[in-house]
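Since the structure comes first, as structure tokens, the remarks are kept for the end.
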Amino acid sequence: MKKKFAGYINLKNLNGVLYPSSIQNVMMKDYINKKLNGIFYLSPTEILHAKFPVTLRTLISKETKVSGIVMLSSFYLPEDYNIRKQIYRETIKNKKPIYFILDEMTFKSKKDVEKVENFIIYNNQFFTDVKLKLNLEEKKIAKKFEKINFV
């Protein structure tokens, strides 16, 4: 019997690209059918401005009868590290791996936390963009450091 996998849709930009839910559904269904040899179960959409990822947590819960969750990227995980830690714990506890299509990565166990976190950090625009000019807020911060004598 084939396993059921749930798709997880998030409508925030991913590297400046907004993937419509219809496109995400097609990508996830194709991934589940071809890569996981499973059955595409459902793809609920996360509420955009919610503080907590209610939809993702519901999919990971014991009550939702799926073998894993498929999403486009690890960048669709919550931005807050403490909330991500809760997601990781629940994922491991309920044995529901998360498959990240575009990242070509899977989260299954405790050892995968570092892999996912490093991917998020080292591909994050904050850490990878080259800044040639400071914005107003950054200039204010820089002025404070000019006054400090580090020697």
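Note that the coordinates shown come from a computational prediction; the quantities given were computed from them, not determined experimentally. Residue numbers count from 1 along this sequence. Below, each value reflects all heavy atoms present in this structure, side chains not excepted, and no hydrogens, waters or symmetry copies.
Going from atom CD1 of Ile98 over to atom CG of Asp112 covers 10.5 Å, rounded to the nearest 0.5 Å. Within the model, atoms CD1 of Ile23 and CE of Met28 stand 11.0 Å from one another, a figure rounded to the nearest 0.5 Å. Summarising the geometry, atom CD1 belonging to Ile87 is positioned 13.0 Å from atom OH belonging to Tyr81; distances are rounded to the nearest 0.5 Å. Taken to the nearest 0.5 Å, the NZ atom of Lys115 stands 7.5 Å off from the OG atom of Ser109. For the atom pair CD of Glu90 and CG of Leu56, the computed distance is 10.5 Å after rounding to the nearest 0.5 Å. Summarising the geometry, atom CD1 belonging to Ile69 is positioned 5.5 Å from atom CG belonging to Leu59; distances are rounded to the nearest 0.5 Å.
Under the 3.5 Å distance criterion, the side-chain polar atoms of Gln24 are left unmatched by any main-chain donor or acceptor of Met71. Panel note: side chain Asp103, backbone Met105; no donor-acceptor pair is recorded below 3.5 Å. The backbone N or O of Glu79 sits less than 3.5 Å from a side-chain atom of Arg84, completing a donor-acceptor pair. Lys12 contributes no side-chain N or O that, together with a main-chain N or O of Leu18, makes up a donor-acceptor pair within less than 3.5 Å. In this structure a side-chain-to-backbone donor-acceptor pair under 3.5 Å is missing from Lys4 to Ser67. Checked by atom type and distance alone, the side chain of Asn94 never pairs as donor or acceptor with a backbone atom of Lys96 at under 3.5 Å. Side-chain atoms of Thr64 come within 3.5 Å of backbone N or O of Thr58 as a donor-acceptor pair.
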**Prompt:** Are Thr106 and Phe100 close enough, and set up right, to give a side-chain contact (heavy atoms from CB on, under 4.5 Å), and what steps lead you there?
**Reply:** CA-CA 6 Å; Thr106 303; Phe100 305 107; over 6 Å; no
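The side-chain heavy atoms of Pro53 and Ile83, taken from C-beta on, include a pair separated by under 4.5 Å. Residues Ile9 and Tyr19 have side chains not in contact (no heavy-atom distance under 4.5 Å, counting atoms from C-beta outward). Looking at Val26 and Tyr31, their side chains never come closer than 4.5 Å, going by heavy atoms from C-beta outward. Taking 4.5 Å as the limit, every side-chain heavy atom of Val66 sits out of range of all side-chain heavy atoms of Phe5. A 4.5 Å side-chain heavy-atom check between Tyr8 and Thr55 finds at least one atom pair inside the cut-off. Between Met27 and Leu72 the shortest side-chain heavy-atom distance falls below 4.5 Å.
No hydrogens or angles considered: nothing links the side chains of Tyr99 and Glu104 as a donor-acceptor pair under 3.5 Å.
Other residues, nucleotides and ligands contribute only 12 or fewer heavy atoms inside 6.0 Å of the NZ atom of Lys35.
When ring centroids are compared, Phe107 and Tyr88 come within the 6.0 Å threshold.
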